[in-house]
Amino acid sequence: QLQLVESGGGLVQPGGSLRLSCAASGFTLDYYDIGWFRQAPGKEREGVSCISSSGGRTNYADSVKGRFTISRDNAKNTVYLQMNSLKPEDTAVYFCAKSWWADCPLRPDTYNYWGQGTQVTVSS
């Protein structure tokens, strides 16, 4: 059974850092582009970052460029999102997802498998 499981969320103060993990089971991650999305209360789900199957191409939302870094370890079947200089507006549930396309999109409709999400709260 295909599963994506996010972990690493929590409560952090503004300016702090968190590292999220997306662990896959039931399929091999290295065939697919993997994206990170987030959804805050009352907001639509938005794309945060994606990484190509080989790791050679990455994409970031303007709101996180320079602060977040996506990476993957295909041997561990895991994708990571390093989040630095966190801001209160980064507070959201963060999801990882597998894309059925291959251009590292940040559009939710191009992803067909989703994890359950992990809560990130940035507050003093």
Side-chain angles (χ1 to χ4, degrees):
Q1 183 176 357
L2 191 153
Q3 287 186 304
L4 292 169
V5 179
E6 303 94 335
S7 62
L11 175 64
V12 63
Q13 294 187 357
S17 298
L18 287 172
R19 184 177 177 88
L20 306 184
S21 297
C22 173
S25 63
F27 70 102
T28 301
L29 267 187
D30 61 359
Y31 291 114
Y32 304 102
D33 293 357
I34 302 296
W36 284 97
F37 294 78
R38 65 187 182 186
Q39 188 165 22
K43 302 291 185 179
E44 295 183 355
R45 188 168 298 188
E46 63 174 337
V48 175
S49 184
C50 66
I51 187 166
S52 64
S53 59
S54 68
R57 182 172 68 250
T58 59
N59 196 12
Y60 297 92
D62 288 342
S63 59
V64 307
K65 285 181 179 178
R67 300 188 298 120
F68 291 10
T69 302
I70 192 169
S71 62
R72 67 192 303 157
D73 186 341
N74 287 339
K76 296 182 178 179
N77 224 25
T78 301
V79 171
Y80 304 96
L81 184 68
Q82 179 68 44
M83 306 185 297
N84 298 326
S85 301
L86 283 162
K87 304 174 181 179
E89 51 263 44
D90 295 318
T91 296
V93 177
Y94 283 71
F95 302 87
C96 67
K98 179 185 76 69
S99 178
W100 56 264
W101 192 230
D103 62 351
C104 202
L106 291 177
R107 299 181 300 157
D109 63 351
T110 64
Y111 293 77
N112 57 353
Y113 292 95
W114 296 80
Q116 84 290 344
T118 185
Q119 177 70 48
V120 172
T121 302
V122 185
S123 176
S124 60

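Residue numbers start at 1 and run along the sequence shown. The analysis underlying the following values was restricted to heavy atoms, covering all of them including side chains, and did not include hydrogens, waters or symmetry mates.
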With a 6.0 Å cut-off (strictly less than), is the heavy-atom count around CD of Glu89, excluding the residue itself, greater than 12? yes
Rounded to the nearest 0.5 Å, what separates atom SG in Cys22 from atom OH in Tyr80? 10.5 Å
Measuring from Ser54:OG to Asn74:CG, what's the distance to the nearest 0.5 Å? 8.5 Å
Is it true that the NZ or CZ of Arg107 lies under 6.0 Å from the centre of Trp101's six-membered ring and within 45 degrees of the ring axis? no
Any heavy-atom pair between the side chains of Leu81 and Ser49 that's under 4.5 Å? yes
Once rounded to the nearest 0.5 Å, what's the spacing between atom OG1 of Thr91 and atom CG of Leu86? 8.5 Å
Where does the angle between the aromatic ring planes of Phe37 and Tyr111 fall among parallel (under 30°), tilted (30 to 60°) and perpendicular (over 60°)? perpendicular
Whether the side chain of Asn77 engages the backbone of Phe27 through a donor-acceptor N/O pair (distance < 3.5 Å, no angle test) should be reported. yes
Donor-acceptor pair, distance only, cut-off 3.5 Å: does the side chain of Trp100 make one with the backbone of Asp109? yes
Roughly how far, to the nearest 0.5 Å, is the NZ atom of Lys87 from the OG atom of Ser63? 8.0 Å
Hey, does the Lys NZ or Arg CZ of Arg38 hover above the aromatic six-ring of Phe95, less than 6.0 Å from the centre and inside 45° of the axis? no
Is there a path of hydrophobic side-chain contacts, each under 4.5 Å between heavy atoms of I/L/V/M/F/W/Y residues, joining Leu20 to Leu106? no
Pair Ser123-Leu11, side chain to side chain contact (heavy atoms under 4.5 Å, CB included): steps then yes or no: CA-CA 7 Å; Ser123 176; Leu11 175 64; 4.3 Å; yes
To check you understand the geometry: which heavy-atom pair defines the closest contact between Pro105 and Asp33, and what is its length? CD-OD2, 4.2 Å
Using modelled atom types only, decide if a donor and an acceptor are shared between the side chain of Arg19 and the backbone of Gln82 within a distance under 3.5 Å. no
Identify the two heavy atoms, one from Gly47 and one from Ala61, that lie closest to each other, and give their separation to 0.1 Å. O-CB, 3.4 Å
Verify whether the ring centers belonging to Tyr113 and Tyr32 lie closer than 6.0 Å. no
Going through the distances and angles, do Thr118 and Val93 end up as a side chain to side chain contact (heavy atoms under 4.5 Å, CB included)? CA-CA 5 Å; Thr118 185; Val93 177; over 6 Å; no
Sidechain-backbone polar pair: Asn84 side chain, Ser17 backbone, donor-acceptor under 3.5 Å: no
Has Glu6 got a side-chain atom pairing as donor or acceptor with Gln116's backbone, closer than 3.5 angstrom? yes
Backbone N or O of Tyr31 within a donor-acceptor pair of the Ser53 side chain at under 3.5 Å? no
Applying a strict under-4.5 Å side-chain criterion to I, L, V, M, F, W and Y, I'd like to know whether Val12 and Val64 cluster together. yes
Examine distances only and state if a side-chain atom of Thr28 and a backbone atom of Asp30 form a donor-acceptor pair shorter than 3.5 Å. no
From Asp90 atom CG to Thr121 atom OG1, the distance as rounded to the nearest 0.5 Å: 11.0 Å
Quick check on the hydrophobic clustering: are Tyr60 and Val120 connected, directly or via other members, by side-chain heavy-atom contacts under 4.5 Å? yes
For Val79 and Ile70, work out which heavy atoms get closest and say how close. CG1-CG1, 3.9 Å
What distance do Met83 atom CE and Tyr94 atom OH have between them, rounded to the nearest 0.5 Å? 5.0 Å
Matching residue for Leu29 among Asp73, Leu4, Ile51 - test: side-chain contact (heavy atoms from CB on, under 4.5 Å): Leu4
Do the non-hydrogen side-chain atoms of Cys50 and Ser99 ever get within less than 4.5 Å of each other? no
Do Val122 and Gln13 come within less than 4.5 Å of each other through their side chains, counting heavy atoms only? no
When you measure from the side chain of Thr78 to the backbone of Lys76, do you find a donor-acceptor pair of N or O atoms at a distance under 3.5 Å? yes
Which atom of Pro14 lies closest to which atom of Ser124, heavy atoms considered: CD-N, 3.7 Å
